[in-house]
Amino acid sequence: MIIANHHPQPPLDALFRECYYIHMVERSGRIPIIDDCCYDFVFFKEADGYFYYGPDQQAQPIGSTIFTIHQLQPPYRIEAAKSLTFFTIKVQPWANAHFFSEVRTSGIVDVSRLHPGLIPFCQDIFNAREEERFAMAEAWMQQVLAKLTPSMELVRAICETIYEKRGMVTVNELSEQFQRSRQYLGKVFKKEVLYSLKKFIITVRILDLVKYKAKHAEVSLTELSYDYGYFDQSHFINDFKKVCGVAPMEFFNNLPEFLLRHQ
């Protein structure tokens with residue numbers, strides 16, 4: 001497996017969070033994917049595979065070279081016959097609607113016509129040398145870079161606060177900090193992020209916990225759940241399932257290499 005990632009620098013990081021390249025050869029089975037509430041432009045070289053979602057693992061074929069995932073229920077799995085080669089550009093959560101508001105149907109959605117330059121970029125990126133790919137991605141980002149609206153700026157501040165607190169913050173606390181009502185924050189957040197504020201908070205907390213546990217295998221799940229503010233194990237397990245699709249023990253017993261790329 002080949003994994004390489006890159007975090008754009010200012011001013012590109014105002015809209016883009018990360019880009020990464022993954023190549024797997026003769027990888028058998030279904031590979032888990034976690035929804036982090038950030039939409040992606042996914043460039044799929046082979047354009048031949050299946051995406052599985054939901055508790056019953058419904059299958060949807062992936063025949064698109066450029067796609068995003070929209071409004072599907074976890075857990076997510078992806079499977080290809082032999083090789084699997086992705087280049088992904090992940091947008092910041094407050095830029096989700098900016099780039100993907102025109103997406104209407106749920107599922108694996110072809111977005112090749114959504115923004116200029118995506119099709120030629122996709123054709124070029126897999127022919128480029130490894131050291132060239134991220135520079136090419138930043139060149140495309142520069143072409144579509146736009147100024148954040150006041151609404152996006154507010155949501156950016158909210159998201160950054162949630163990231164800083166590792167998801168251990170309540171909507172009431174955010175309402176007090178930003179001097180806006182819960183209803184207003186919820187409305188503007190959903191408009192820009194396309195996810196509810198509560199779901200985003202839970203997702204950030206669980207993903208931070210997952211990354212910490214991956215680095216500190218000796219820490220028990222019970223201890224870790226307390227450290228992340230869960231004093232009720234059933235509440236912790238329910239939140240974990242909402243994000244990862246399976247119970248914590250099952251997840252960590254089968255932790256895939258792909259999910260460790262952010263360490």
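Given the structure is predicted, the values throughout are model-derived calculations rather than measurements.
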Set of salt bridge (Lys or Arg N to Asp or Glu O under 4.0 Å) partners for Glu160, sequence neighbours left out:
Arg156
Qualifying side-chain hydrogen bond (donor to acceptor under 3.5 Å, both in side chains) pairs with a residue from residues 92-106, counting only residues at least two apart or across chains:
Arg17-Gln92
Quick check on Lys165: does its NZ atom have over 12 non-hydrogen neighbours (other residues, nucleotides or ligands) under 6.0 Å away?
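Check fails, neighbour count at 12 or below.
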Got a sec, which pairs hit salt bridge (Lys or Arg N to Asp or Glu O under 4.0 Å) with one end in [range], sequence neighbours left out?
{"range": "residues 37-56", "result": "Asp40-Lys90"}
{"range": "residues 184-208", "result": "Arg166-Asp208"}
{"range": "residues 120-131", "result": "Arg129-Glu131, Arg129-Glu132"}
{"range": "residues 235-248", "result": "Asp239-Lys242"}

Would a distance-only check, ignoring hydrogens and angles, find a side-chain to backbone donor-acceptor pair under 3.5 Å from Ser175 to Arg180?
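Here the side-chain-to-backbone pair exists.
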For the backbone of Gly54 and the side chain of Gln57, can you confirm whether one donor and one acceptor N or O come within less than 3.5 Å of each other?
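A pair under 3.5 Å: yes.
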Show me the donor-acceptor pairs within less than 3.5 Å that the side chains of residues 111-122 make with the rest of the protein, sequence neighbours left out.
residue: Ser112; atom: OG; partner: Asp110; partner atom: OD1; Å: 2.8
residue: His115; atom: NE2; partner: Phe99; partner atom: O; Å: 2.9

ring-ring contact (aromatic ring centres under 6.0 Å, His included) partners for [X], two or more places apart:
{"X": "Tyr50", "result": "none"}
{"X": "Tyr212", "result": "His216"}
{"X": "Phe86", "result": "Phe44"}
{"X": "Tyr184", "result": "none"}

Would you mind reporting whether [Y] and [X] have side-chain heavy atoms less than 4.5 Å apart?
{"X": "Ile78", "Y": "Leu84", "result": "yes"}
{"X": "Cys159", "Y": "Phe200", "result": "yes"}
{"X": "Val91", "Y": "Phe41", "result": "yes"}
{"X": "Lys213", "Y": "Pro248", "result": "no"}
{"X": "Met152", "Y": "Leu15", "result": "yes"}
{"X": "Val188", "Y": "Val155", "result": "yes"}
{"X": "Leu12", "Y": "Gln142", "result": "yes"}
{"X": "Val210", "Y": "Phe252", "result": "yes"}

Please name the pair of heavy atoms, one in Cys37 and one in Val193, separated by the smallest distance, quoted to 0.1 Å.
O-CG1, 4.2 Å
Would you sort out whether Ile201 and Val171 count as a side chain to side chain contact (heavy atoms under 4.5 Å, CB included), showing the intermediate values?
CA-CA 9 Å; Ile201 291 171; Val171 177; 4.0 Å; yes
Would Thr85 and Phe43 satisfy side chain to side chain contact (heavy atoms under 4.5 Å, CB included), going step by step from the backbone distance to the final call?
CA-CA 8 Å; Thr85 311; Phe43 303 90; over 6 Å; no
Report the relative orientation of the aromatic rings in Phe236 and Tyr230; use parallel for angles under 30°, tilted for 30 to 60°, perpendicular for over 60°.
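If you compare the ring of Phe236 with that of Tyr230, the planes turn out tilted.
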Would you please classify the geometry between the Phe240 ring and the Phe251 ring as parallel, tilted or perpendicular, with 30° and 60° separating the classes?
perpendicular
Side chain to side chain contact (heavy atoms under 4.5 Å, CB included) between Phe16 and Val144, worked out:
CA-CA 11 Å; Phe16 300 97; Val144 297; 3.7 Å; yes
Go through the structure and list residues passing side chain to side chain contact (heavy atoms under 4.5 Å, CB included) with Ser234, not counting sequence neighbours.
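Ser234 satisfies side chain to side chain contact (heavy atoms under 4.5 Å, CB included) with Asp232 only.
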List the steps and the verdict of side chain to side chain donor-acceptor pair (under 3.5 Å) for Glu79 and Tyr52.
CA-CA 8 Å; Glu79 183 178 49; Tyr52 298 85; 3.0 Å; yes
